[in-house]
2 protein chains.
Amino acid sequence: MIVNKKQGKQSNIRAKSQEKILDAAQQEFILQSYKGATVQSIADRAGLPKANILYYFKNKENIYHAVLEQTLNMWDEGIGDIVIEDGPKVAIEKFIAAKVKMSFTYPSASKMHAIEVIQGAPHLKEFARTYLRQWVRTKAKLFQHWIDNGEMNDVDPVSLIILIFSSTQHYADFETQILTILNRAEYEPEDIEHVTKFLTDIILRGCGLKK
Amino acid sequence: MIVNKKQGKQSNIRAKSQEKILDAAQQEFILQSYKGATVQSIADRAGLPKANILYYFKNKENIYHAVLEQTLNMWDEGIGDIVIEDGPKVAIEKFIAAKVKMSFTYPSASKMHAIEVIQGAPHLKEFARTYLRQWVRTKAKLFQHWIDNGEMNDVDPVSLIILIFSSTQHYADFETQILTILNRAEYEPEDIEHVTKFLTDIILRGCGLKK
DNA sequence: TAGAAACTTGACCAGCAGGTCAAGAAAGTG
DNA sequence: CACTTTCTTGACCTGCTGGTCAAGTTTCTA
């Protein structure tokens with residue numbers, strides 16, 4: 001874990017500094033990528049001297065790992081959960097709503113993840129191979145169950161999950177491009193609602209869950 | 001343009017070398033990002049000495065621009081075109097098919113573009129502001145026309161276009177992750193068909209274009 | 001076939017990035 | 001209030017990177 005276990009309640013100096021560093025590092029890693037983000041640039045953004053950064057994290061690689069871990073935890077917490085009792089309609093609604101909300105609320109987490117994956121996921125292979133693959137399979141089985149039960153159209157469950165991933169994350173990862181196309185400066189709260197409604201509508205109907 | 005206009009039919013040495021360099025550079029820029037891709041690594045991948053790379057392209061920035069331009073041209077050629085005579089059903093089918101095919105055939109082009117956009121699109125702002133925005137608006141108007149004509153459901157045309165972009169590109173950009181989830185080594189030709197069919201089915205039905 | 005143009009390449013250089021270090025300042029503790 | 005631990009930081013070092021150069025080789029062309 002990131003937080004030093006040796007700390008009790010005392011000395012939040014460490015925690016405070018680490019948080020500042022990780023926030024700054026995340027931005028730099030997104031904007032400049034791993035090699036382009038220098039320890040100095042992270043230091044400048046965090047408002048600390050370079051040597052101080054290296055005091056808290058032995059080296060740049062460690063900073064990167066910490067940022068990535070933080071990102072994955074956020075993904076894990078934000079994804080929500082769907083259970084068999086939900087039924088396909090509620091499950092899809094919950095799933096889309098959770099992912100859209102996360103994309104608009106923490107776009108940086110999604111961007112970090114995206115850059116990693118596009119570049120071949122050198123640090124995420126293990127996460128994908130174990131955790132994510134299992135997650136997708138478990139949820140796919142749920143959908144398959146509902147399909148077998150005649151509760152929704154016979155669509156490929158894995159493709160459906162991928163569709164929900166892609167269409168929701170896109171608003172985080174491609175934020176810049178979408179805003180440019182729309183000729184807007186930044187997202188507004190209503191956008192979350194609008195996108196959620198649009199995607200839910202299309203996908204539910206696409207699955208035969210809406211007349 | 002990339003190709004030196006001064007060349008007639010003679011001397012394809014230049015063309016051959018430039019192509020090798022651009023291919024190598026594209027891979028390096030994807031795998032290592034701009035700063036991480038060194039002229040030496042591009043040279044090694046291209047099988048040429050470093051000084052030779054700098055002979056054909058004055059500096060690293062120029063290589064990057066050339067790769068990006070090539071990428072955008074590919075996007076432009078591969079996107080296909082839809083016209084009012086198509087009607088909504090054929091238009092969506094053509095659009096999805098073209099983008100899926102491109103994603104599976106030239107994933108590198110999509111990845112280059114994605115990295116650029118995620119990092120704030122420093123080199124693509126102009127392209128998006130003029131060309132892409134116009135493209136989306138023109139196509140959105142087509143869909144709006146069909147909606148007003150009662151030929152399809154009343155969905156937001158811009159969101160629809162974004163949905164098609166995101167769900168198709170995802171197979172190129174997140175190739176690594178999808179293959180890992182599926183526990184496969186690489187895509188196979190049938191995948192193009194399968195994904196095209198799946199997305200077309202869901203989205204057509206989502207738009208009320210399929211019983 | 002001779003001279004010009006295009007190409008090739010090893011050697012070199014200046015600047016910057018990651019990382020170390022040691023000396024000192026602050027904070028915690030008994 | 002001693003003294004230990006944690007924190008802070010400027011100075012420094014080494015290796016690598018983008019880019020230059022000039023001497024040579026190959027290809028083109030008249």
Side-chain angles (χ1 to χ4, degrees), chain A residues 1-68 122-123, chain B residues 2-68 119 122-123:
Chain A
M1 288 295 117
I2 297 158
V3 175
N4 192 331
K5 295 280 180 51
K6 284 174 285 187
Q7 313 286 328
K9 58 199 305 187
Q10 86 277 42
S11 175
N12 53 359
I13 295 180
R14 190 176 205 85
K16 281 262 173 68
S17 290
Q18 286 185 329
E19 197 190 322
K20 260 198 288 188
I21 293 168
L22 290 183
D23 283 354
Q26 186 179 55
Q27 291 311 308
E28 286 299 314
F29 284 135
I30 290 171
L31 290 171
Q32 314 287 345
S33 205
Y34 183 74
K35 264 291 178 71
T38 68
V39 177
Q40 185 62 61
S41 71
I42 295 171
D44 290 348
R45 189 179 285 266
L48 297 169
K50 187 179 79 159
N52 204 350
I53 308 286
L54 275 315
Y55 168 73
Y56 283 107
F57 298 89
K58 267 192 238 322
N59 53 42
K60 195 164 100 168
E61 182 81 11
N62 276 6
I63 306 178
Y64 190 74
H65 279 135
V67 172
L68 213 53
H123 300 88
Chain B
I2 298 159
V3 175
N4 191 329
K5 294 282 182 50
K6 283 176 283 186
Q7 312 288 328
K9 59 199 305 187
Q10 87 279 39
S11 175
N12 54 358
I13 293 179
R14 190 175 205 87
K16 281 261 174 69
S17 291
Q18 285 185 329
E19 198 191 320
K20 261 198 288 189
I21 294 168
L22 290 182
D23 283 354
Q26 187 180 53
Q27 292 311 308
E28 286 299 314
F29 284 136
I30 290 171
L31 290 172
Q32 314 287 346
S33 204
Y34 184 75
K35 262 292 176 70
T38 69
V39 178
Q40 186 63 60
S41 71
I42 295 171
D44 290 347
R45 189 179 284 267
L48 297 170
K50 187 179 80 161
N52 203 349
I53 308 286
L54 275 316
Y55 168 72
Y56 283 108
F57 296 88
K58 267 192 240 319
N59 53 42
K60 194 164 101 167
E61 183 83 12
N62 277 8
I63 306 178
Y64 190 75
H65 279 134
V67 172
L68 213 55
Q119 301 197 335
H123 300 88

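Here is the naming used below: chain letters follow the sequence lines, and residue numbers restart at 1 for every chain.
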**Message:** Just the rounded figure in Å: distance from P of C/dC13 to CD of B/Gln40.
**Reply:** 18 Å
**Fill in**
B/Asp44 atom CG is separated from D/dC16 atom P, nearest whole Å, by 14 Å
**Message:** Applying a 4.0 Å non-hydrogen cut-off, can you work out what A/Asn59 is touching in the nucleic acid: base, sugar-phosphate, or nothing?
**Reply:** sugar-phosphate
**Any donor-acceptor N/O pair under 3.5 Å between C/dG19 base and A/Lys50 side chain** = yes
**Asked** Counting only non-hydrogen atoms, which of residues 26-34 of chain B are less than 4.0 Å from DNA chain C?
**Response** none
**Message:** At less than 4.0 Å, is any side-chain N or O atom of B/Tyr55 found next to OP1 or OP2 of C/dC7? Yes or no.
**Reply:** yes
**Request:** Rounded to the nearest angstrom, tell me the gap between atom CD1 in A/Ile63 and atom P in C/dG19.
**Result:** 8 Å
**Asked** Phosphate oxygens OP1/OP2 of C/dT8: is one of them under 4.0 Å from a side-chain N or O of B/Tyr56?
**Response** yes
**Message:** Using side chain to side chain contact (heavy atoms under 4.5 Å, CB included), reason through A/Tyr56 and A/Asn62 one step at a time and then give a plain yes or no.
**Reply:** CA-CA 10 Å; A/Tyr56 283 107; A/Asn62 276 6; over 6 Å; no
**Request:** Rounded off to whole Å, could you give me the NZ-to-P distance for the A/Lys16 and C/dA27 pair?
**Result:** 13 Å
**Prompt:** Just checking B/Ala37: base, sugar-phosphate only, or nothing, at a heavy-atom cut-off of under 4.0 Å?
**Reply:** sugar-phosphate
**Fill in**
Shortest non-hydrogen pair, A/Ile42 vs A/Ala24, comes out as O-CB, 3.7 Å
**Prompt:** How many Å lie between NZ on A/Lys20 and P on D/dC7, as a whole number?
**Reply:** 13 Å
**Sub-4.5 Å side-chain heavy-atom contact between A/Asp44 and A/Gln40** = yes
**Request:** Measure the spacing between CD1 of B/Ile53 and OG1 of B/Thr38 and express it to the nearest 0.5 Å.
**Result:** 10.5 Å
**Complete:** Nearest heavy-atom contact between B/Ser33 and B/Gln119 is OG-NE2, 3.5 Å
**Item:** Selected nucleotide, minimal atom distance to A/Ile13 side chain, candidates D/dG19, C/dG18, D/dC7
**Value:** D/dC7
**Asked** Rounding to a whole Å, what distance do you find between A/Ile42:CD1 and C/dA17:P?
**Response** 12 Å
**Complete:** Side-chain atoms of A/Asn52 come closest, of C/dT8, D/dT17, D/dT9, to D/dT9
**Message:** Taking only side-chain N and O atoms of B/Arg14, does any of them lie within less than 4.0 angstrom of OP1 or OP2 on C/dA6?
**Reply:** no
**Request:** Would you kindly give the CD1-to-C1' distance between B/Ile21 and C/dC7, to the nearest whole Å?
**Result:** 12 Å
**Request:** Could you please spell out the steps behind the side chain to side chain contact (heavy atoms under 4.5 Å, CB included) verdict for B/Gln26 and B/Leu22?
**Result:** CA-CA 6 Å; B/Gln26 187 180 53; B/Leu22 290 182; over 6 Å; no
**Prompt:** Of all heavy-atom pairs between B/Phe29 and B/Ile63, which one has the smallest distance, and what is that distance?
**Reply:** CE1-CG2, 4.1 Å
**Fill in**
Among D/dT8, C/dT9, C/dC7, the one nearest any side-chain atom of B/Ala51 is C/dT9
**Message:** Closest-nucleotide mapping onto DNA chain D: is A/Ile53 or A/Lys35 further toward the 5' terminus? I mean the 5' end.
**Reply:** A/Ile53
**Request:** Send over the distance from B/Leu54 CG to C/dA11 P, rounded to a whole Å.
**Result:** 17 Å
**Message:** Checking B/Gln27 against B/Asp23: is there a side-chain donor and acceptor pair closer than 3.5 Å?
**Reply:** no
